[in-house]
Amino acid sequence: MKHLKQRIALESLRAQFHLSEDRLKEMVYFMIHEMHQGLAGRPSTLRMLPSYVYRKNISQAEGVYYALDLGGTNFRVIRMLIRQGKLISVAQSAFVVPKEHMEGTHTGLFSFIAGCVLQFIQEKGQEDMKGGAQRTIPLGFTFSFPVNQASVNEGSLIKWTKGFKTTGVEGNDVVQLLQAALDKVNVDVRIVALCNDTVGTLVARYFSDEHTQMGVILGTGANACYWERSSAVTKDGKVAKEGAKETVINMEFGNFDSTHMLCLPATPFDDAIDKASINPGAQRFEKMISGMYLGEIARQVLVSLSKNGLLPESVANGLNKPYKFESRFSGQISADHLPGLFATKSILQSNFGVTIDKTEDLFLIRNVCVLVRNRAAQLAGMAISSTLLKSETTGNATVAVDGSVYEKTPSFRAVMQKTIRTILGDESDVRLVLQREGSGHGAGFIAALSA
Ligand code: BGC
């Protein structure tokens, strides 16, 4: 009897999570609509932010540039040597942003970052500071949050995402805040470019493949950018007057359809996560596809099945802490094809002290993780297809993607690619490529084109 009930429960979950071709296409229409609205400055859940990065001859990029990549709990300082648009050598250091600075004041956060830049230069950039050869080092700053840019090196934070709460940054120019902190520690560095991580990822790939049409991040957060005709950006006269020249637009697609939830397939589990989050009502699309939330969605489903007697009680008890069932666990479980679902069993046992013996229970747990993963990958594929349709580049496009969800979740890429083919047809030629560390390198390249 329990087995039958489990099958019925799984069917009902499948009906909620699996997206049919028709459903996906409805979302595509709405996303394209929101893109148009956002570009025109009309109300839209897509911010469609200008980056002030324009298509240029990349061979002009030349010299030593620094990049700083802040997008989550880790940030990196990078030194790049570029010759005729080619990256010749890279040195970098990674630092962890202490929680106190994610939730503290802007002075705390930016002085900490400036201190790390100073340390990096002392360790790896001595030659840039030497007597006669000294020059002000140009730096590109990747800041992976929604920013209203006024030029390539000015922009104020609209709203924190991904768990940051640092005060005094929203509404202020992050370039000025960082520059002031750098000046205070006396490093001779000038911020010449500011960009989103999606923009960095697109530009980094563009330097080796001119068919790169989009930059996408599927990691802790999720977002995309793409090349758009400047004249289409009618909300910003400065950009629109550039006419046919192409420019990069940061979509901030994580917020898609958040206002009225007209087409997103939100389940009661998604609603509960949203309600308990630090930004309820915002980033609803991101909350269905990014690494910060995928494990939590699966956890909510598993706990509810357990509370309804469809999984052992130990599941609800062992997984009772929000966000402890991380996306890497749900990702690994979703790919478990071992006999007796051994991987599922051992992940639950060793991380949560939950012992499950019955194969049908393990099977249900695995399939819940598959449903959550596949919906995320379908939604990501839908967003990419919409953007390529809007920019009329479905024929020949490279899409540069980075982020832990894309890189590390088994089968994620395959489901995305299949969804893109379903929406755009077999004749479309869309290549998803992993662009590791593009966000930081892209900022260095943009700095080189802007300095
Ligand atoms: C931010 C975006 C960023 C994305 C990926 C989102 O939460 O709003 O600006 O590109 O995360 O890092």
Side-chain angles (χ1 to χ4, degrees), residues 6 9-10 12-14 16-19 72 162-163 217-222 254 265-274 276-277 283-307 310-312 314-338 340-356 359-381 403-416 419:
Q6 282 184 329
L10 186 60
S12 139
L13 287 168
R14 186 167 286 134
Q16 294 178 65
F17 279 84
H18 180 74
L19 303 171
K162 296 179 283 195
I217 301 287
L218 297 168
T220 309
T267 63
F269 311 105
D270 298 294
D271 291 341
I273 288 172
D274 177 54
S277 69
Q283 302 292 102
R284 293 296 305 258
F285 188 63
E286 176 168 86
K287 287 172 184 160
M288 292 182 182
I289 68 173
S290 84
M292 186 147 168
Y293 306 97
L294 291 185
E296 177 60 10
I297 304 171
R299 188 193 72 84
Q300 296 248 356
V301 180
L302 296 175
V303 167
S304 138
L305 288 169
S306 161
K307 287 190 169 156
L310 295 157
L311 283 175
S314 58
V315 172
N317 296 334
L319 301 185
N320 63 354
K321 290 213 177 68
Y323 291 94
K324 284 281 181 264
F325 187 63
E326 295 168 27
S327 301
R328 67 192 163 103
F329 297 135
S330 62
Q332 284 159 12
I333 291 178
S334 72
D336 187 4
H337 297 291
L338 293 175
L341 294 171
F342 178 74
T344 305
K345 201 171 172 164
S346 89
I347 287 170
L348 290 171
Q349 173 69 65
S350 52
N351 297 287
F352 303 96
V354 175
T355 310
I356 309 275
T359 310
E360 54 264 33
D361 292 337
L362 293 167
F363 184 78
L364 181 56
I365 295 170
R366 199 267 319 266
N367 284 357
V368 164
C369 295
V370 170
L371 286 176
V372 173
R373 175 199 73 194
N374 286 2
R375 184 185 67 166
Q378 282 193 300
L379 288 171
S404 51
V405 170
Y406 177 79
E407 188 183 355
K408 306 223 167 98
T409 313
S411 300
F412 202 89
R413 179 182 185 279
V415 178
M416 268 171 83
T419 308

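We count residues from 1, following the sequence as given.
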Of the non-hydrogen atoms in S334 and V370, which two are nearest, and what is the gap between them? O-CG2, 3.4 Å
Check: Q16 and P268 side chains under 4.5 Å, non-hydrogen atoms: yes
Exercise: identify the closest heavy-atom pair between S314 and I356: OG-CD1, 4.4 Å
R373/L294 under side chain to side chain contact (heavy atoms under 4.5 Å, CB included): CA gap, chis, key distance, verdict: CA-CA 7 Å; R373 175 199 73 194; L294 291 185; 5.9 Å; no
Please round to the nearest 0.5 Å and tell me the distance separating atom OG of S411 and atom CG of N374. 7.5 Å
Is any side-chain heavy atom of I289 closer than 4.5 Å to one of V405? no
Any heavy-atom pair between the side chains of Q378 and V415 that's under 4.5 Å? yes
The reported gap from CD in Q6 to CG in L310 (rounded to nearest 0.5 angstrom) is 6.5 Å
With side chains defined as the heavy atoms from C-beta onward, is the minimum distance between P265 and L379 less than 4.5 Å? yes
Over all atoms of both residues, closest heavy-atom pair of L305 and L13: CD1-CD1, 4.2 Å
With a 3.5 Å distance limit and no angle check, can you tell me whether S404 reaches the backbone of G219 through a side-chain donor-acceptor pair? no
Using atom types as modelled and distance alone, determine if a side-chain donor or acceptor of E286 lies under 3.5 Å from a backbone N or O of A222. yes
For a 4.5 angstrom cut-off between non-hydrogen side-chain atoms, does Q332 reach K408? no
Result of checking N367, V368, L362, I347 against I333 for side chain to side chain contact (heavy atoms under 4.5 Å, CB included): I347
Spacing of CD1 belonging to I365 relative to NZ belonging to K345, to within rounding of 0.5 Å: 11.0 Å
Closest heavy-atom pair and its distance - A316, K307: CB-CG, 4.2 Å
What do the steps show when you test M416 against L218 for side chain to side chain contact (heavy atoms under 4.5 Å, CB included), and what is the final call? CA-CA 11 Å; M416 268 171 83; L218 297 168; 3.7 Å; yes
Taking all heavy atoms of R366 and all of H337, pick out the closest pair and write down the distance. NH1-ND1, 3.7 Å
Test side chain to side chain contact (heavy atoms under 4.5 Å, CB included) applied to L371 and R14, step by step: CA-CA 7 Å; L371 286 176; R14 186 167 286 134; 4.1 Å; yes
Which residues share a side chain to side chain donor-acceptor pair (under 3.5 Å) with N320, sequence neighbours left out: none
Any I273 side-chain heavy atom under 4.5 Å of Y323 side chain: yes
Sidechain-backbone polar pair: R299 side chain, K324 backbone, donor-acceptor under 3.5 Å: no
Is the shortest side-chain heavy-atom distance between V372 and S330 below 4.5 Å? no
Indicate yes or no for a side-chain donor-acceptor contact from D336 to the backbone of T344 under 3.5 Å, with no hydrogens or angles considered. yes
Side chains of Q300 and D270: do they bring a donor and an acceptor to under 3.5 Å? no
Note: K287-D271 ion pair, threshold 4.0 Å (strictly below): no
Qualifying residues under side chain to side chain donor-acceptor pair (under 3.5 Å), relative to R413, sequence neighbours excluded: Y406
I297 and F17, any side-chain heavy atoms less than 4.5 Å apart: yes
Lys/Arg-Asp/Glu bridge criterion (N-O < 4.0 Å) met for R284, D274: yes
I need the minimum non-hydrogen distance between A298 and C369, along with the two atoms involved. CB-SG, 4.3 Å
